[in-house]
Colleague: 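Pasting a structure here, questions to come.
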Amino acid sequence: MRLFLALMPPPSLRGRLGALADAAQARCGGRRMPDESLHLTLAFLGEVEETRAAALVDWVSRLAVPPGEWRLNAWGRFQRPGIVWVGGQAPDPALVALHCRLWDELESQGLEGRPSRYVPHVTLLRRAERLETEGLPTPALTWRYRHLLLVRSFTRDDGAHYATLARSA
Ligand code: 2AM
């Protein structure tokens, strides 16, 4: 099964991220992520076997994550998959530190796939027709988080769907 570690926005923030996704889609076209799918990926684990997944559920349930605040104040683009995202003007140091700590622990459990660089972001659009975020209002959101989630991703014809398998302590 395909797994990743993520922060999920609280409901009030989810609606505001959805409003940014609407504004971005009006300008850039492409496929807008549904509100219930909006998230920040902390670590993408890829395909994981069932016994390994069970161990990850156990690990995440006992994991203590330092609470934090992430300021979302910039638009961003990834050229290749046509992604338009919202995030910080620079990678947030607390999120980068959390990503590193998670990968240290994942690697000690034998997982592979640590990316060479981590840019914390919330994907709002995929396959955007125009990667032009100039002129959109500058985002100004604060995301307060206390827990991360272990999430399973299912791919269907209408896109990815997510199911939460575990929440940090
Ligand atoms: P994205 O939002 O930039 O597409 C589940 O697929 C989550 O893991 C998505 O948020 C996706 O990021 C992220 N992810 C990171 N690396 C990935 C990869 N190699 N393949 C698929 N998803 C990846």
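First listed ligand is number 1; within each ligand, the first listed atom is number 1.
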Colleague: Test your reading of the model: is there a side-chain donor-acceptor pair from Trp70 to the backbone of Ala94, 3.5 Å cut-off?
Modeller: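 Here the side-chain-to-backbone pair does not exist.
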Colleague: Test your reading of the structure: does Thr123 have an N or O sitting under 3.5 Å from an N or O of ligand 1?
Modeller: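 N/O-N/O distance under 3.5 Å: yes.
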Colleague: Taking atom types as modelled, is there a side-chain donor on His39 or Thr41 under 3.5 Å from an acceptor on the other?
Modeller: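 Looking only at side-chain atoms, Thr41 and His39 do form a donor-acceptor pair, the distance falling under 3.5 Å.
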Colleague: What are the atoms of ligand 1, with element, lying closer than 4.0 Å to any heavy atom of His39?
Modeller: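 So the atoms of ligand 1 that pass are 7 (C), 9 (C), 10 (O).
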Colleague: Below 4.0 Å, non-hydrogen atoms only: which portion of Val151 touches ligand 1? Side chain, backbone, both or neither.
Modeller: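 No part of Val151 is near ligand 1 at this cut-off.
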Colleague: When you measure from atom 8 (O) of ligand 1 to every protein heavy atom, which one gives the shortest distance, and what is it?
Modeller: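 The closest one turns out to be Phe44 CD1, 3.2 Å.
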Colleague: Run the side chain to side chain contact (heavy atoms under 4.5 Å, CB included) check on Val151 and Leu5 step by step: do they pass?
Modeller: CA-CA 6 Å; Val151 183; Leu5 299 173; over 6 Å; no
Colleague: In ligand 1, which numbered atoms sit nearer than 4.0 Å to a non-hydrogen atom of His121?
Modeller: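 Checking each atom against His121, I get 1 (P), 2 (O), 3 (O).
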Colleague: May I ask you to decide if Arg27's main-chain N or O and Arg130's side chain share a donor-acceptor pair within less than 3.5 Å?
Modeller: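 Side chain of Arg130 to backbone of Arg27: a pair is present.
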Colleague: Considering Leu38, Ile83, Thr41 one by one, which has a heavy atom nearer to atom 9 (C) of ligand 1 than any of the others?
Modeller: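 The option holding the nearest heavy atom is Thr41.
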Colleague: Are Leu7 and Phe4 joined in one hydrophobic group, where the rule is that I, L, V, M, F, W and Y side chains link up if heavy atoms are under 4.5 Å apart?
Modeller: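 No, no single cluster joins them.
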Colleague: Taking atom CD of Glu50 as the centre, does the number of heavy atoms from other residues, nucleotides or ligands within less than 6.0 Å exceed 12?
Modeller: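 No, CD of Glu50 has 12 or fewer neighbouring heavy atoms, counting only those of other groups under 6.0 Å.
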Colleague: List ligand 1 atoms under 4.0 Å from Arg2, heavy atoms only on the residue side.
Modeller: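 In order of numbering, the contacting atoms are 21 (C).
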Colleague: Which atoms from ligand 1 have a heavy atom of Arg126 less than 4.0 Å away?
Modeller: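 This gives 1 (P), 2 (O), 4 (O) as the contact atoms.
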